[in-house]
Amino acid sequence: MLWQGKALGLKFRNEGTTNRPRVRLNVYSRNRLTQSYLDELAAEIIWRFNFDQNISEFFRRYSSDSHLAGPIRRWKGMKPIAANSLYESLMIYITLQNATVRRTVQMLENLFRCFGQKVSFDGKTLSVFWPPDTVAKSTVDQLRTMKVGYRAKSIMMISEQFASGSVDSIALRGAPKEVVAQELDKLYGIGPASIQGMLFEDFYFLDALDMISPWERKIMSRLLFGEHLVPAEGILRFFKEKYSEYRLLAFHYIWEDLFWRRKHERIEWLEKEIRL
DNA sequence: CGGCAGGTGCGGA
DNA sequence: TCCGCACCTGCC
């Protein structure tokens, strides 16, 4: 993690249970860290890992739901987490656009190698993001050599905006959904799909389900309705009517559960719809 | 070699 | 407001 200019190694350890959560965090650093730095870091970690959001009402309401009973039994406690800073999330979302996962990984690895740094701690070596000004001081042509294609312009423009301090990401925390969406929409290269993803993963709005991508549509058609292809509107209406303010959280429980099951048992129809 | 992928900005209707 | 189109790159 890059926090206030310092590269850190973080190690989380589970020391609780789902209903009595408790986490131990070890922080590795090149230099000794002051108490005030650690206090601010702890507050940031609490936000980034969404420790304070209470979703017990979701379990109370849907533990017996026909589609959620299984996923909740297997995944109770799962919540959206940002883990990254807003800038870092934006970089990830830009590389996700119009690309398969494989290609996204390739683009990010190239960017990490050129602009980021490696951090070794506790027997692991992991990449740390670059600060926005590192890219802002670079050029679009330089970015093109990272094989990010037309995304180079988006990466540059967003990096410049963050480097100049014109985005107040902390102030957006706790702002209404529409305000956050409106601010994200101002960023070049960020549109409806990225906004929806970030409203959930970075701002923890559990109801930010207003669109569904083609492959999600195919998979949900099959999973929920047993049909090959249901109109996107029908799927969205289903989630809204059944799960109201928890509709995207419900979507994720169903989705993550399906993909976890896929790791253990082969789900034949799913393999045909999947693109990694 | 053409089509397309977990989209988006842009110009024109 | 809606629609068609181009767009880097890699894989099928």
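The chains referred to below are lettered A, B, ... by the order of the sequence lines, with proteins before strands, and numbering in each begins at 1.
- Checking B/dT8, C/dC8, C/dT9 against the side-chain heavy atoms of A/K147 singles out C/dT9 as nearest.
- The base of B/dG7 is not paired with the side chain of A/Y93 by any donor and acceptor separated by under 3.5 Å.
- Rounded to whole Å, atom P of B/dG6 lies 15 Å from atom CG of A/L258.
- OP1 and OP2 of B/dA5 both lie 4.0 Å or more from every side-chain N or O belonging to A/Q97.
- Residues A/L187 and A/V140 fall within the same hydrophobic cluster, defined by Ile, Leu, Val, Met, Phe, Trp and Tyr side chains chained together at heavy-atom separations under 4.5 Å.
- As a whole-Å value, the separation of A/Y150 OH from B/dA5 C1' is 9 Å.
- Comparing the C1' positions of C/dC11 and B/dT8 gives a spacing of 22 Å, expressed to the nearest Å.
- In this structure, the CZ atom of A/R151 is 11 Å from the P atom of C/dG10, given to the nearest Å.
- When Watson-Crick and G-U wobble pairs are counted only if both distances are under 3.5 Å, B/dG6 pairs with no nucleotide at all.
- Of the possible polar contacts, none joining the A/Y253 side chain to the A/H67 backbone as a donor-acceptor pair under 3.5 Å is found.
- In this structure, A/I190 reaches the sugar-phosphate backbone alone: every heavy-atom distance under 4.0 Å involves primed, P, OP1 or OP2 atoms, never a base.
- Per the geometry, CE belonging to A/M107 stands 10 Å off C1' belonging to C/dG10, to the nearest Å.
- Nucleic acid contact for A/Q106: sugar-phosphate only, since backbone atoms but no base atoms lie under 4.0 Å from a heavy atom of the residue.
- Comparing B/dG6, B/dG9, B/dT8 by their closest approach to the side chain of A/Y188 singles out B/dG9.
- Summarising the geometry of A/I94 relative to A/Y188, their closest heavy-atom pair is CD1-O, 4.5 Å, with the distance given to 0.1 Å.
- Across all strands shown, A/L187 has heavy atoms under 4.0 Å from sugar-phosphate atoms exclusively, and none from any base.
- Just one of A/Y28, A/Y37, A/F121 meets the side chain to side chain contact (heavy atoms under 4.5 Å, CB included) condition when paired with A/L8; it is A/Y37.
- Here A/T104 lies out of heavy-atom contact (under 4.0 Å) with every strand.
- Between the CD atom of A/E216 and the P atom of B/dA5 there is a distance of 14 Å, given to the nearest Å.
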Checklist entry - How far apart are the C-alpha atoms of A/E57 and A/R61, what are their side-chain angles, what is the distance that settles it, and do they pass the salt bridge (Lys or Arg N to Asp or Glu O under 4.0 Å) test? => result CA-CA 6 Å; A/E57 172 65 19; A/R61 241 194 257 178; 3.2 Å; yes
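- With a cut-off of 3.5 Å on both Watson-Crick or G-U wobble distances, the partner of C/dC8 is given as none.
- Ring planes of A/Y62 and A/Y243: perpendicular class, angle over 60° (limits at 30 and 60°).
- For C/dC5 and B/dG3, the P atoms lie 13 Å apart once the distance is rounded to whole Å.
- When rounded to the nearest whole Å, the span between CZ of A/F251 and P of B/dG6 equals 13 Å.
- In this structure, CE of A/M146 is placed 13 Å from P of C/dG10, rounded to the nearest angstrom.
- Residue A/T100 places no side-chain N or O under 4.0 Å from the OP1 or OP2 atom of B/dG6.
- Note on A/R103: every side-chain N or O is 4.0 Å or more away from OP1 and OP2 of C/dC11.
- For C/dC11, the OP1/OP2 oxygens have a side-chain nitrogen or oxygen of A/R102 closer than 4.0 Å.
- Between A/F200 atom CZ and B/dG6 atom P there is a gap of 19 Å when expressed in whole angstrom units.
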